[in-house]
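Both backbone and side-chain heavy atoms feed into the values below; hydrogens, waters and symmetry mates do not.
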Amino acid sequence: MRNDRVFTIKDILARPVFAKARLAAGKEGTSRQVGWVHVLEITNVSPFVSPHDLILSTGLWLQSEEGREEYLLQLIRSEAAGLCVEFGTSIHGIPEELIELADRHQFPLIVFEQPVRFVEITQDIHALLINHQHQLLKSLETYSRQLQQRTLQSTDISALLHLLHEYAAKPVVYISSMEPGSFVPELTSETQQAIYTWYEQEVEHLDLNDSDTELWFHLDEEQVLLCHPVVCFGQVFSAVGMIVHPTAPVEYLKLLLDYTAKAAAALTLRSQFLEEKMVRNQNELIQDLMNGNILHEEQAQTRMGLRLLVKGQYWFAGGVIEMEHRLKGIGRERMESNHQDILVLLRSLLKKNNLSSLIMLKNNQVYVCCAKEESKTSTRNQLVKLLEGILGDVKRFANRNLKQVVIHAGFGKIRNRLTGMPDSLREAYQVIEVSRSVDRLEHIHFYERMGIYQMLKALPQSFLQPFVNDHLGVLIEHDRTHHLRLVETLDVFLQNFGSKRDAAAQLFIHRQTLYNRLEKLAELMGPDFMDQERRICLEMALLAHAMIEDEQDFSS
């Protein structure tokens, strides 16, 4: 089913209405595409000529030597298909320098030796082009209908690829981040590897806001891969393409690819939603892990579907992703729909990054456990990096597509035992609580990056509050009555390692004002507050005070 052909000057010259025409110049350009035909007798033609236009003229512009070369250059620069000139009405010949100019630019110059009816020429060519467009649209409609039928019959992408190959009559390529690629027909291993490499470097992490949906990859001088990404939830999960000649017309092929990419996206989504109906065993395993019902590590890994390693080990990351709905009056159905979208996206991203995972949705929280086999190129740090990227993608999706839904996430320590998941989840909750209450840790998602807050969060408030009062109570009370911001001044002064200049700049106050506050600090706390042991206690108390204050503000 070949609908990707275009009509060229050579095709037009074979039409009966051109029986009395001859090609006067530009013989090397007869492969130029003809997209439309119209009559132009004005000299300033550039604004009225589009690429692939065939221009008909009686040659009025040739009667004056001045500007006739520029007229022809305007057509050439506008990428017109060619020029047809009628003899006998206004002119009887074409100057030799124009013939040479047309030949030099391979621009077809067609002459009619005697007057002709331009209306017959335009009617004939327009009918030819319009009928072709009509057939193309009918072909696309049929293709779209057959695509829909095949997506309803199966979730196998190969059915779509064979249909595309049938319509395009070109080699078809499908590359995916989540499953093996497909090639119809099979390509050489070298070509396949080149395409895989290009996909990983240029397509897999494509920024859809800054890029066109169609991509080109030059395999060699005779072959180009025209590719269209398959997008779900704003993420590129695969790509479908076909191999064409660099000079081949591709407008029809682009439409076929667009239709196929959308059908492939629908299949991907349906496959992911079907997987959501098959997660009961995963939910049971997560519940058993959380409740400490599995004591043997081999049993836990086997139930997760991991192969038991003779050498090496797995790294496991357990965490919680919490969806906060800030829009008042949102219906339960809409909330559940948002949760399901996040869940499907998260599962797809984990699969895309080759992470074995357990996922369970409960109310507005998603419990996650990921596994990555350790190797020379895969370490616990790489697992953290992958999860950071996944969380970034989830947050961006929520920000762009879900109205006033804020994502909070936390992961516990990276462990090498799946049975340690209960501890990981407890740590994950602490990460979320601290990141919500301490502004400076807003973007921290991992327990190991909480620093001193690991210890502060583990201590009961019945201990922290008296500790804060013992070391900062006199300053807090003084600030309540005199509003000198002594607690903030002490915090900034310690952060800048006692530098008065830097502290004053950060506080946006005059140096003398800082001196006055420091004198007051020494008066209230004693002159030894910068001694090492005293300073450590003060820094701890300041962090604890900020955390307690922020938690109280959040809860209120």
Side-chain angles (χ1 to χ4, degrees), residues 5-134 136 212 246-252 254:
R5 68 158 297 182
V6 294
F7 292 99
T8 64
I9 293 293
K10 183 177 180 180
D11 297 321
I12 297 302
L13 288 173
R15 304 292 295 175
V17 291
F18 280 80
K20 297 181 180 180
R22 67 178 176 86
L23 187 62
K27 294 180 181 179
E28 299 298 322
T30 55
S31 61
R32 284 175 177 255
Q33 178 183 347
V34 177
W36 202 242
V37 58
H38 56 101
V39 181
L40 273 181
E41 297 291 1
I42 59 176
T43 54
N44 182 26
V45 296
S46 292
F48 307 99
V49 177
S50 299
H52 313 309
D53 280 355
L54 179 62
I55 306 303
L56 305 179
S57 172
T58 60
L60 285 172
W61 53 277
L62 278 169
Q63 292 181 343
S64 172
E65 291 187 14
E66 184 180 357
R68 60 191 185 187
E69 183 173 318
E70 176 60 25
Y71 175 93
L72 194 59
L73 285 172
Q74 287 182 65
L75 295 179
I76 294 170
R77 287 193 292 264
S78 299
E79 299 181 13
L83 173 65
C84 300
V85 181
E86 175 193 72
F87 289 170
T89 302
S90 302
I91 60 167
H92 299 281
I94 297 178
E96 189 62 33
E97 63 268 20
L98 294 186
I99 298 290
E100 292 177 359
L101 178 62
D103 279 332
R104 191 159 61 247
H105 290 276
Q106 298 179 8
F107 182 75
L109 190 55
I110 303 168
V111 298
F112 293 93
E113 302 287 358
Q114 56 190 23
V116 294
R117 297 186 64 192
F118 282 169
V119 65
E120 292 181 357
I121 296 175
T122 56
Q123 284 178 344
D124 180 75
I125 298 178
H126 287 169
L128 179 70
L129 296 174
I130 291 171
N131 285 336
H132 178 65
Q133 287 294 319
H134 178 67
L136 185 148
D212 296 329
T247 61
V250 294
E251 292 306 316
Y252 174 73
K254 287 180 183 179

Quiz prompt | side-chain contact (heavy atoms from CB on, under 4.5 Å) involving Val17 - partner list, sequence neighbours excluded | solution = Arg15, Ile121, Asp124

Self-check item: Set of salt bridge (charged side-chain N to carboxylate O under 4.0 Å, His left out) partners for Glu251, sequence neighbours left out
Solution: Lys254

Quiz item: Which residues satisfy the side-chain contact (heavy atoms from CB on, under 4.5 Å) test with Ser57, sequence neighbours excluded?
Solution: Glu41, Trp61, Tyr71, Leu83

Quiz prompt | Listed once per pair and sorted, the salt bridge (Lys or Arg N to Asp or Glu O under 4.0 Å) pairs that draw on residues 79-89, sequence neighbours left out | solution = none

Quiz item: Could you state the interatomic distance from CG (Leu75) to CG (Leu109), rounded to the nearest 0.5 Å?
Solution: 9.5 Å

Quiz prompt | With Glu97 via side chain to side chain donor-acceptor pair (under 3.5 Å) - residues at least two apart | solution = Arg68

Quiz prompt | Minimal non-hydrogen separation, Leu98 against Leu72, with atom names | solution = O-CD2, 3.7 Å

Quiz prompt | Under the side-chain contact (heavy atoms from CB on, under 4.5 Å) test, residues paired with Glu70 that sit two or more places apart | solution = Leu73, Gln74, Arg77

Practice problem: Please report the C-alpha distance between Glu69 and Leu101 in whole Å, then the side-chain angles of each, then the deciding distance to 0.1 Å, and finally whether the side-chain contact (heavy atoms from CB on, under 4.5 Å) criterion is met. | Solution: CA-CA 8 Å; Glu69 183 173 318; Leu101 178 62; 3.6 Å; yes

Quiz item: So, for Ala25 and Ala102, which heavy atoms are closest and what is the spacing to 0.1 Å?
Solution: CB-CB, 3.7 Å

Quiz prompt | Pairwise ring pair (Phe, Tyr, Trp, His ring centres under 6.0 Å) hits with a residue in residues 95-115, at least two apart | solution = Phe18-Phe112

Quiz item: If you look only at pairs with a residue in residues 98-107, which of them pass as a salt bridge (Lys or Arg N to Asp or Glu O under 4.0 Å), with sequence neighbours excluded?
Solution: none

Quiz prompt | Contact summary for Leu54 and Cys84, nearest pair of heavy atoms | solution = CD1-SG, 3.9 Å

Quiz item: By side-chain contact (heavy atoms from CB on, under 4.5 Å), which residues pair with Arg22, not counting sequence neighbours?
Solution: Ala24, Phe87, Val111, Glu113

Quiz item: Which heavy-atom pair separates Thr8 from Val34 by the least distance, and what is that distance?
Solution: C-CG2, 3.9 Å

Self-check item: Side-chain touch Phe7/Ile125, heavy atoms, less than 4.5 angstrom
Solution: no

Quiz item: Could you give all pairs that pass the ring pair (Phe, Tyr, Trp, His ring centres under 6.0 Å) test and reach residues 24-59, with sequence neighbours left out?
Solution: Trp36-His126

Quiz item: Can you find a heavy atom in the side chain of Ile9 that is under 4.5 Å from one in the side chain of Ile110?
Solution: yes

